[in-house]
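Just so it is clear, the model here is predicted, and its values are computed rather than measured. Letters A, B, ... are given to chains in the order of the sequence lines, protein chains preceding strands, and every chain is numbered from 1.
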Amino acid sequence: MKFRAKIVDAACLNHFTRVSNMIAKLAKTCTLRISPRHLNFILSDKVASGGVSMWCELEQENFFNEFQMEGVSAENNAIYLELTSENLSRALKTAQNARALKIKLTNKHFPCLTVSIELLSVSSSSRIVTHDIPIKVIPRKLWKDLQEPTVPDCDVSIYLPVLKTMKSVVERMKNISNHLIIEANRNGDLNLKIESELVCVTTHFKDLGNPPFASENASQDRNPARMAEVHVDIRKFLQFLSGQQVNPTKAICNIVRNKVVHFDLLHEDVSLQYFIPALS
Amino acid sequence: MPLLNQQIEEENDYSLTASLDNVRNLSTILKAIHFREHATCFATKNGIKVTVENAKCVQANAFIQAGIFQEFKVQEEPVTFRINLTVLLDCLSIFGSSPMPGILTALRMCYQGYGYPLMLFLEEGGVVTVCKINTQEPEETLDFDFCSTNVINKIILQSEGLREAFSELDMTSEVLQITMSPDKPYFRLSTFGNAGSSHLDYPKDSDLMESFNCTQTQVNRYKISLLKPSTKALVLSCKVSIRTDNRGFLSLQYMIRNEDGQICFVEYYCCPDEVPESES
C-alpha cells in the first residue's frame, strides 16, 4: 500500500481546501478512498445515528500534479482510510498561499496521512509545516459497506433553489420543530414544511425546473402536480446546507416518497451526493 | 401570486388584515419586548399594541401604529389575541434576520377572529412562506394606572447616554436604585452588588439630557432582573423618556426610528421593589 500526491497549483490547492472544509462540516469522521483516478470522501452512518450517507468524488487529475498509489492488491487497487475530517481541514488551513502541498501515507509508530506544506518565506529558505493525521486503514472485508451508493428510482427530481435562502428558512424552522417535510412535484414546485401544535409553516419555492432525464422515469406517476413528500430530521438537512459555503454549479434534489431524499451537487469538478433517510 | 390573491378575495371575512413592505419594521419592534414567550396583541384602527408581562411587576408595550403598515384594516375593534412571541418572531424572520441590502421581505397578515390562527404570508424574491400560528385565549393584562397627571419627575435622555449604563449594570445587585431630584445629584443610577456599590450621575445640563423636569426628590428601587430586558428596546432607540409617578412606579418610553425613518414607541412599566422609604 502506497500513496503520495502533490499539489503545486494555488487554485487547485484552494479548491482542495474548500472541499475538505465542506467535508468537515458534513461529517465528523469519514472514509477516504484512494483509487488511481479518484479520491472519495465517504460517510455511511449507522441507521441508529441517523443513517445519513455521503459520497463525494474528486477526479485526482484535476487537483494533483503528481499522484502515485498502489492499492492493497492489483485487482483491488484502492486504499480505504478512516480519519477525523476536521484534522484534514485544520491541517490545510496552514496551506493558504503555500507553494506546494504533499500528502502521503506513512507509518510513524501508527498509520498516518502526512500532509506537508511548503510555505513561502521572505528569505530564500522555504519552511515546511508537517501534519501527521492519524488514520485507520479499513480492511478489505469492510469495503463492501463503503461502495458508491446507487441512486434509487425517484418519484420527483427537481433543481434546488439558492441554498442560502433555504438555509435561513431551515434555520428558523429548526427552532420550532425537529421534523421537516420536503415535498416537490414535476411542475418545478418545492415546499419545505413544518407542523407543530403551535404553528404550521410552509415555504414555497416555484419554477425551479426539473432535470429532463427524470421525466422519462417509469416509476413516476402521470400527474406532474402531484407532490412527493419525505419527512426528515431537520438537523441532518441543516447540516447538509451549512456545509455548502459556495453555491454549487448544479444542485438536484431527488425524492423517493417516504423513503429517502438524495441531493446531487456539483461544485466545478467535485461531485457530492448526500442521502438523508426518511423518518418513519 | 395566486396564494396572495386568494387571500385578498376572502378579505372581508377577516377581523384584521395588514400588509407591510418591509417586515423588519415590525419584527425589530417586537424583538424589543421579547423577554417572555407569550404576548397579547390588541388591534384597533390606530394600529397594534403588543404587550408582554412578567411577574405581575413589569409590562412592556410595543405600539405599531397603522401608518407603519402599507395597508391596515380592522373590522370590529378591538381585536385581541394571545400568541407565542418566540414563534411569531421566528416566522417573521424566516428569510433571515440580517438580509442583504436592497432585498426586502414583504408581509401580509390576516386574522379571522377568535379561535382562528394568525396567518402570515411572507415573500422574498418570489419565494413565499405561509405561517399559521395558533392563537390563544387573551389574558387580562395589568393596568398600571400610570397617569401623566401623577407624574412627579420626568427626564428625556438621548438613548446613547443610558445604553452603556444599562448594558454594564452590575447584575449581582438585586436592585437598580433610581434617584431623581431637582437638586444634586439630579439623576443617579445606583447598584449594590457583591463587589460594592456603584453610582452613576447625570448632570442636568449634560448634552445627553434633552429635557429635565424634576419637581421632588424621589429614590426608588426596582428589581434589576425586571429592568434588564428593557436593554433590548434601549439599544434600538434614539431617545428615552424616564418618568416616575407619586407611587414610585417607573415608566420608560423608548422612541425607535425604523428603517424607513418612521417613529415607533416601546414602553416599559415597572413597579418599585418596596414601598419608597422616606427621603434620606
Using the side chain to side chain contact (heavy atoms under 4.5 Å, CB included) rule, pick out the option among T86(B), T135(B), N84(B) that qualifies with L198(A).
N84(B)
Single hit among L88(B), L118(B), N134(B), I133(B) for side chain to side chain contact (heavy atoms under 4.5 Å, CB included) with V199(A)
I133(B)
Evaluate whether atom [atom1] of [X] has more than 12 neighbouring non-hydrogen atoms of other residues, nucleotides or ligands under 6.0 angstrom away.
| X | atom1 | value |
| --- | --- | --- |
| D260(B) | CG | yes |
| K232(B) | NZ | yes |
| K31(B) | NZ | yes |
| K132(B) | NZ | no |
| F166(B) | CZ | yes |
| K28(A) | NZ | no |
| E174(B) | CD | no |
| E164(B) | CD | no |

Tell me, side chain or backbone of [X] under 4.5 Å from chain B's heavy atoms, or both, or neither?
| X | value |
| --- | --- |
| K164(A) | side chain |
| T165(A) | side chain |
| E197(A) | backbone |

Against chain A, label D90(B) side chain, backbone, both or neither, depending on which of its atoms sit under 4.5 Å from a heavy atom there.
both
Kindly indicate whether the side chain of [X], heavy atoms from C-beta on, has any atom under 4.5 Å from the side chain of [Y].
| X | Y | answer |
| --- | --- | --- |
| V130(B) | H204(A) | yes |
| V201(A) | I94(B) | yes |
| V127(B) | P161(A) | no |

Mark yes or no for whether R172(A), through its side chain, and F95(B), through its backbone, hold a donor-acceptor pair below 3.5 Å.
no
To the nearest 0.5 Å, atom CE of M119(B) lies from atom SG of C200(A) at 9.0 Å
Measuring from atom SG of C131(B) to atom CD1 of I176(A), what distance do you get when rounded to the nearest 0.5 angstrom?
7.0 Å
